[in-house]
J.: 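Here you go, one structure.
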Amino acid sequence: MKEEIEYIKKYLHKEDNLEEALKRLENGEPVQYIVGDVNFYGNTIKVNKNVLIPRRETEELVEKTFAYLNIFSNPKILDIGTGSGCIPITLKKLIPTSNIDAIDISLDALKVANENKKLNNVNVNFYQSDIFSNVISKYDCIISNPPYIRYDEEIMDIVKNNEPHLALYADDNGLYFYKKILSEAKGYLNEKFIIAFEIGEEQSASIKTIAKQYFPKAKIIAEKDLQHFDRFIFIINE
């Protein structure tokens with residue numbers, strides 16, 4: 001609790017009430033929601049209860065995807081389940097010549113993403129879509145950190161009680177969105193493509209199997225996060 005109090009004192013905006021902020025902390029609210037923004041890959045990203053709090057692992061997803069994207073000069077990218085918009089905003093800053101669309105089913109999340117777009121002064125096209133329901137273009141890269149927690153999985157109370165369940169949990173033992181994306185992605189990809197996923201630490205083998213079913217000729221790579229868990233899957237067709 002001491003660290004959280006120091007964090008709030010350091011990062012709370014001048015116009016906000018410290019006493020009220022500390023009460024929110026006592027009531028179990030994450031410091032990131034109390035302060036109202038986080039640092040993501042050096043960028044300020046606004047957050048509230050309508051979006052997930054960006055994690056270090058997602059910064060790694062962006063970093064690794066950026067490295068793989070060097071096979072394209074002006075990549076066209078789709079981010080599925082964008083939430084706060086931290087992924088596409090960061091990729092746009094890393095690759096200014098990229099053309100990025102980012103979608104979410106939640107209008108409340110898209111409102112936050114558009115605020116972050118203005119805050120970071122980048123040109124990303126945010127719009128509502130349930131996976132590919134409103135997508136009409138083809139892309140060089142599809143990237144996603146979808147909901148992947150099983151409904152019976154134990155997670156920390158501070159996450160379960162505060163962050164949007166729509167962005168946390170998924171049917172089919174947490175695999176629903178990977179299956180849905182991979183089963184339909186072919187119609188939205190160019191011939192040369194990259195699919196980049198953040199995954200749950202025990203899902204690597206299952207997602208590789210699904211990927212091989214739909215993309216038998218592609219290169220499928222699992223990569224570890226800084227804690228040495230399989231955390232990312234890259235499906236690459238060069």
Side-chain angles (χ1 to χ4, degrees), residues 1-63 79 81-91 93 102 104-122 124 126 144-170 174 177 198-203 225-229 231-232:
M1 183 70 78
K2 186 179 177 183
E3 284 182 13
E4 286 87 347
I5 291 171
E6 291 304 314
Y7 183 96
I8 287 171
K9 285 180 177 177
K10 183 175 181 181
Y11 294 107
L12 192 69
H13 299 263
K14 289 179 182 178
E15 65 271 19
D16 293 331
N17 186 295
L18 178 59
E19 188 177 337
E20 183 186 326
L22 295 176
K23 281 182 183 175
R24 290 170 66 184
L25 181 65
E26 283 179 17
N27 289 332
E29 194 170 342
V31 292
Q32 295 91 339
Y33 288 157
I34 296 168
V35 170
D37 54 50
V38 297
N39 182 300
F40 183 86
Y41 213 90
N43 305 310
T44 300
I45 299 292
K46 290 185 179 184
V47 291
N48 61 30
K49 287 198 171 189
N50 295 310
V51 298
L52 288 185
I53 297 164
R55 265 78 171 176
R56 169 60 194 155
E57 290 83 359
T58 308
E59 288 183 310
E60 291 179 65
L61 173 67
V62 169
E63 190 168 41
D79 176 35
T82 195
S84 66
C86 61
I87 290 173
I89 286 167
T90 305
L91 283 173
K93 286 191 168 187
D104 206 291
I105 196 170
S106 167
L107 288 174
D108 290 327
L110 289 168
K111 184 178 178 184
V112 177
N114 275 302
E115 288 176 9
N116 283 320
K117 168 184 171 176
K118 290 176 187 171
L119 179 65
N120 286 277
N121 193 29
V122 293
V124 174
F126 291 105
S144 185
N145 174 23
Y148 58 70
I149 297 172
R150 301 189 320 268
Y151 284 102
D152 63 351
E153 193 171 333
E154 287 296 318
I155 61 173
M156 292 184 295
D157 285 344
I158 196 168
V159 175
K160 184 168 62 178
N161 297 336
N162 290 280
E163 300 194 50
H165 286 197
L166 184 68
L168 289 170
Y169 295 100
F177 290 98
E198 182 176 328
I199 66 172
E201 60 191 57
E202 297 176 352
Q203 295 175 326
D225 62 18
L226 292 175
Q227 294 178 298
H228 306 291
F229 292 117
R231 183 68 65 184
F232 315 103

J.: If you look at every heavy atom in V35 and I8, which pair is closest and at what distance?
T.: CG2-CA, 4.3 Å
J.: If I compare all heavy atoms of P146 with all of E198, which pair ends up nearest, and what's the gap?
T.: CD-O, 3.8 Å
J.: Is L166 close to S106 at the side-chain level, that is, under 4.5 Å between some pair of heavy atoms?
T.: yes
J.: Hey, does S144 have a side-chain heavy atom less than 4.5 Å from the side chain of F177?
T.: no
J.: Verify side-chain hydrogen bond (donor to acceptor under 3.5 Å, both in side chains) between K111 and N50, making sure each step is shown before the conclusion.
T.: CA-CA 9 Å; K111 184 178 178 184; N50 295 310; over 6 Å; no
J.: Determine whether a donor-acceptor pair (N or O, by modelled atom type, separation under 3.5 Å) exists between the side chain of Q203 and the backbone of G200.
T.: yes
J.: Could you check V47 against V112 for side chain to side chain contact (heavy atoms under 4.5 Å, CB included), going step by step and ending with a plain yes or no?
T.: CA-CA 7 Å; V47 291; V112 177; 5.8 Å; no
J.: Looking at E59 and R56, does any basic side-chain N land under 4.0 Å from a carboxylate oxygen?
T.: yes
J.: Quick check: does any side chain N or O of D16 sit under 3.5 Å from a backbone N or O of L12, one acting as donor and the other as acceptor?
T.: no
J.: Are F229 and E57 close enough, and set up right, to give a side chain to side chain contact (heavy atoms under 4.5 Å, CB included), and what steps lead you there?
T.: CA-CA 10 Å; F229 292 117; E57 290 83 359; over 6 Å; no
J.: Verify, without hydrogens or angle tests, whether T90 (side chain) and C86 (backbone) share a donor-acceptor contact under 3.5 angstrom.
T.: yes
J.: Say you draw a straight line from OG1 of T58 to CD1 of I53; how long is it, rounded to the nearest 0.5 Å?
T.: 11.5 Å
J.: Considering non-hydrogen atoms only, spot the tightest contact between N116 and S84 and give its length.
T.: ND2-O, 2.9 Å
J.: Side-chain contact, heavy-atom cut-off 4.5 Å: E63 with Y41?
T.: yes
J.: Can you tell me if OH on Y11 sees more than 12 non-hydrogen neighbours from other groups inside 6.0 Å?
T.: no
J.: Q32 and Y7: side-chain hydrogen bond (donor to acceptor under 3.5 Å, both in side chains), yes or no, with the steps?
T.: CA-CA 9 Å; Q32 295 91 339; Y7 183 96; 5.5 Å; no
J.: Taking the side chain as everything from C-beta on, heavy atoms only, tell me whether L52 gets closer than 4.5 Å to P164.
T.: yes
J.: Can you find a side-chain donor-acceptor pair between T82 and D104 that sits under 3.5 Å?
T.: no
J.: Do I89 and F126 make a side-chain contact, defined as non-hydrogen atoms from C-beta onward lying under 4.5 Å apart?
T.: yes
J.: Which pair of non-hydrogen atoms, one from D79 and one from P88, has the smallest distance, and what is that distance?
T.: OD2-CD, 3.1 Å
J.: Can you tell whether the side chains of R231 and E60 come within less than 4.0 Å, N to carboxylate O?
T.: no
J.: Are any of the side-chain nitrogens in E163 or R55 under 4.0 Å away from the carboxylate oxygens of its partner?
T.: yes
J.: Specify the closest pair of heavy atoms between L61 and F232, including all atoms of both residues, with the distance to one decimal.
T.: N-CE2, 3.6 Å
J.: Do I45 and N120 come within less than 4.5 Å of each other through their side chains, counting heavy atoms only?
T.: yes
J.: Quick check: do Y169 and R150 have side-chain heavy atoms less than 4.5 Å from each other?
T.: no
J.: Tell me the closest heavy-atom pair linking V124 and A102, and the distance in Å.
T.: CG1-CB, 4.2 Å
J.: Does the D37 side chain pair with the main chain of T44, one donor and one acceptor, at a distance under 3.5 Å?
T.: no
J.: Would you say that H165 contacts K160 through its side chain, given a criterion of any heavy-atom pair below 4.5 Å between the two side chains?
T.: yes
